Amino acid sequence: MIKYVFQPHGDDRGQLVALEEFKDIPFRVKRVYYMYDTAAGVTRGGHAHKCLQQILICIHGSCKIRLDNGKEKKVIPLEKPYEGLYVANNMWREMFDFSPDAVLMVLASELYDEADYIRNYDTFLNLVKNGDAVSTAEEICRI
Ligand code: TYD
């Protein structure tokens, strides 16, 4: 689990965070999306990706991320606009406990591709437990 702390450029006007690919972000950013107005009690995500890498930044409000690599699970709070959580491929993720004002922004290494999703938890567990996931990623991901 890697949580980045980005360097804000602060002055008496306020704060500014700038993110550059391969400098602050360890991949080429091909897609940005964000979630807001998330209803109370909602859990989003509930999938892994074969290739996709992401950085999650809660740029306003707060939420929690549960990461599961098939062996251990961790809950990481995202509460600051200068924190970024790296989520590798082959990692099951759930986003929950959104504050009403939360804006969760995701920087993604690939365009949206339904074929990259692993949506069944047992399939995910079999992939990572058999060690297939690593070779699968190396074979089909350009990473
Ligand atoms: P969904 O996969 O349900 O989001 P989450 O993983 O957060 O639960 O996505 C919601 C909808 O948005 C679904 O119809 C697919 C669409 N979508 C895109 O069109 N492009 C994207 O980059 C993403 C992430 C989702």
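Here, residue 1 is the first one in the sequence, and each next residue gets the next number. Note that ligands are numbered from 1 as they come in the structure, with each ligand's atoms numbered from 1 the same way. Everything numeric here is computed off the predicted structure, so don't read it as measured data.
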Report yes or no: is the cationic atom of Arg66 (NZ for Lys, CZ for Arg) under 6.0 Å from the centre of the six-membered ring of Phe96, at an angle within 45° of the ring normal?
-> yes
Nearest neighbour in protein (non-hydrogen) for atom 8 (O) of ligand 1 | Gly45 N, 3.1 Å
Please test Asn90 against Asn69 for side-chain contact (heavy atoms from CB on, under 4.5 Å), starting from the C-alpha separation and ending with a verdict.
-> CA-CA 7 Å; Asn90 297 315; Asn69 64 5; over 6 Å; no
Can you find a protein heavy atom under 4.0 Å from atom 15 (C) of ligand 1?
-> yes
What is the nearest protein non-hydrogen atom to atom 9 (O) of ligand 1, stated with its residue, atom name and distance?
-> Arg44 NH2, 4.0 Å
Would you please name every residue forming a ring-ring contact (aromatic ring centres under 6.0 Å, His included) with Tyr34, sequence neighbours left out?
-> none
among protein heavy atoms, the one nearest atom 22 (O) of ligand 1 is Arg31 NH1, 2.4 Å
Will you find, in the side chains of Tyr4 and Glu83, an N or O donor that is under 3.5 Å from an N or O acceptor?
-> no
Single hit among Tyr121, Trp92, Tyr117 for ring-ring contact (aromatic ring centres under 6.0 Å, His included) with His47 | Tyr117
Within 4.0 Å of atom 20 (N) of ligand 1 (strictly less), any protein heavy atom?
-> yes
To the nearest 0.1 Å, how far is atom 25 (C) of ligand 1 from its closest protein heavy atom, and which atom is that?
-> Tyr112 CE1, 3.7 Å
Is there at least one protein heavy-atom neighbour under 4.0 Å from atom 4 (O) of ligand 1?
-> yes
Would you check, one step at a time, whether the test salt bridge (Lys or Arg N to Asp or Glu O under 4.0 Å) holds for Glu114 with Arg119?
-> CA-CA 10 Å; Glu114 186 56 37; Arg119 293 197 181 272; 2.8 Å; yes
Short list, please: which atoms of ligand 1 are under 4.0 Å from a heavy atom of His47?
-> 6 (O)
